[in-house]
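This is a predicted model, so every value here is computed, not measured. Side-chain atoms are counted along with the backbone in the values below, which use heavy atoms only and exclude waters and symmetry mates.
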Amino acid sequence: QVHLEESGGGLAQAGGSLRLTCAVSGRTRFVMSWFRQTTEKERELISAISWYSEKTYYEDSVKGRFTISRDRTENTVYLQMNSLKREDTAVYYCAAGTSWLLTTPQTYAWWGQGTQVTVSS
């Protein structure tokens, strides 16, 4: 059984930072991804990292501001979010995948419950 649990969301001011954490239990060796979703937009892939961290992906709107990393010994994935903007406000989800690079939510079998990030101006 695979279980993902996000933490670290909350309220930040524009220009500020937050760090999201996704703790993975059960199976390992996943490609780990972060998605976000708002009421206006469908769930979209914003970042991903391969098992050995040799590959990373960033969606254009977060490139240069967000950094994904993982600690394989702790089975934990992080998303460091800097220079936050109001448009980063969303529910953020981590997801575990078996291949690189799965871009559509339907291709992921395991999800966290989501964590709200709200950026105020």
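For the atom pair OG of Ser47 and CE of Met81, the computed distance is 11.0 Å after rounding to the nearest 0.5 Å. One distance of note links OH of Tyr78 with OG of Ser7; it measures 9.0 Å at 0.5 Å rounding. A distance of 10.0 Å separates CG in Leu79 from CD1 in Ile49, rounded to the nearest 0.5 Å. Going from atom CH2 of Trp51 over to atom OG1 of Thr98 covers 14.0 Å, rounded to the nearest 0.5 Å.
Residues in residues 57-89 take part in no disulfide bond (SG atoms under 2.5 Å apart) pair, two or more places apart or across chains. A ring-ring contact (aromatic ring centres under 6.0 Å, His included) check over residues 84-109, counting only residues at least two apart or in different chains, returns the pairs Phe35-Tyr108, Tyr108-Trp111. Sorted by first and then second residue, the salt bridge (Lys or Arg N to Asp or Glu O under 4.0 Å) pairs with a member in residues 37-46 read Arg36-Glu44, Lys41-Glu44; sequence neighbours excluded. Residue pairs meeting the disulfide bond (SG atoms under 2.5 Å apart) criterion with at least one member in residues 34-70: none, sequence neighbours excluded. Within the structure, disulfide bond (SG atoms under 2.5 Å apart) pairs that include any residue of residues 33-86 do not occur (at least two apart or interchain). Screening residues 26-71 for disulfide bond (SG atoms under 2.5 Å apart), with sequence neighbours left out, gives no hits.
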Result block: side-chain N/O donor-acceptor pairs under 3.5 angstrom for residues 69-76, not counting sequence neighbours:
{"residue": "Arg70", "atom": "NH1", "partner": "Phe30", "partner atom": "O", "Å": "2.8"}
{"residue": "Arg70", "atom": "NH1", "partner": "Ser50", "partner atom": "O", "Å": "3.0"}
{"residue": "Arg70", "atom": "NH2", "partner": "Phe30", "partner atom": "O", "Å": "3.1"}
{"residue": "Asp71", "atom": "OD1", "partner": "Thr73", "partner atom": "N", "Å": "3.0"}
{"residue": "Asp71", "atom": "OD1", "partner": "Thr73", "partner atom": "OG1", "Å": "2.5"}
{"residue": "Asp71", "atom": "OD1", "partner": "Glu74", "partner atom": "N", "Å": "3.2"}
{"residue": "Thr76", "atom": "OG1", "partner": "Glu74", "partner atom": "O", "Å": "2.9"}

Got a list of side-chain donor-acceptor pairs under 3.5 Å for residues 12-25, not counting sequence neighbours?
{"residue": "Ser17", "atom": "OG", "partner": "Asn82", "partner atom": "OD1", "Å": "2.8"}
{"residue": "Ser25", "atom": "OG", "partner": "His3", "partner atom": "O", "Å": "3.4"}

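When all heavy atoms of Val77 and Met32 are compared, the closest pair comes out as CG2-CG, 3.4 Å. Contact between Val117 and Gly9 at its shortest, heavy atoms only, is CG2-CA, 4.1 Å. When every heavy atom of Ser33 is checked against every heavy atom of Leu45, the shortest pair comes out as CB-CD1, 3.6 Å. Closest heavy-atom contact between Ala96 and Leu4: N-CD2, 3.7 Å. Across every non-hydrogen atom of Ser121 and Arg86, the tightest pair is CB-CD, 3.5 Å.
The hydrophobic clustering, which links ILVMFWY residues whose side-chain heavy atoms are closer than 4.5 Å, places Val91 and Trp110 apart.
Taking the side chain as every heavy atom from C-beta outward, Arg29 and Tyr52 approach each other to under 4.5 Å.
With sequence neighbours excluded, the residues that form a side-chain contact (heavy atoms from CB on, under 4.5 Å) with Arg65 are Val62, Ser83, Lys85, Asp88. In this structure Lys63 satisfies the salt bridge (Lys or Arg N to Asp or Glu O under 4.0 Å) test together with Asp60, sequence neighbours excluded. For Thr118, the side-chain contact (heavy atoms from CB on, under 4.5 Å) criterion is met by Leu11, Thr89, Gln116, not counting sequence neighbours.
A donor-acceptor contact shorter than 3.5 Å is absent between the side chain of Glu5 and the backbone of Gly112. No donor-acceptor distance shorter than 3.5 angstrom exists from the side chain of Gln80 to the backbone of Phe66, with no hydrogens or angles considered.
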Where do Tyr57 and Ile68 land on the side-chain contact (heavy atoms from CB on, under 4.5 Å) test, with the steps shown first? CA-CA 9 Å; Tyr57 164 82; Ile68 191 170; over 6 Å; no

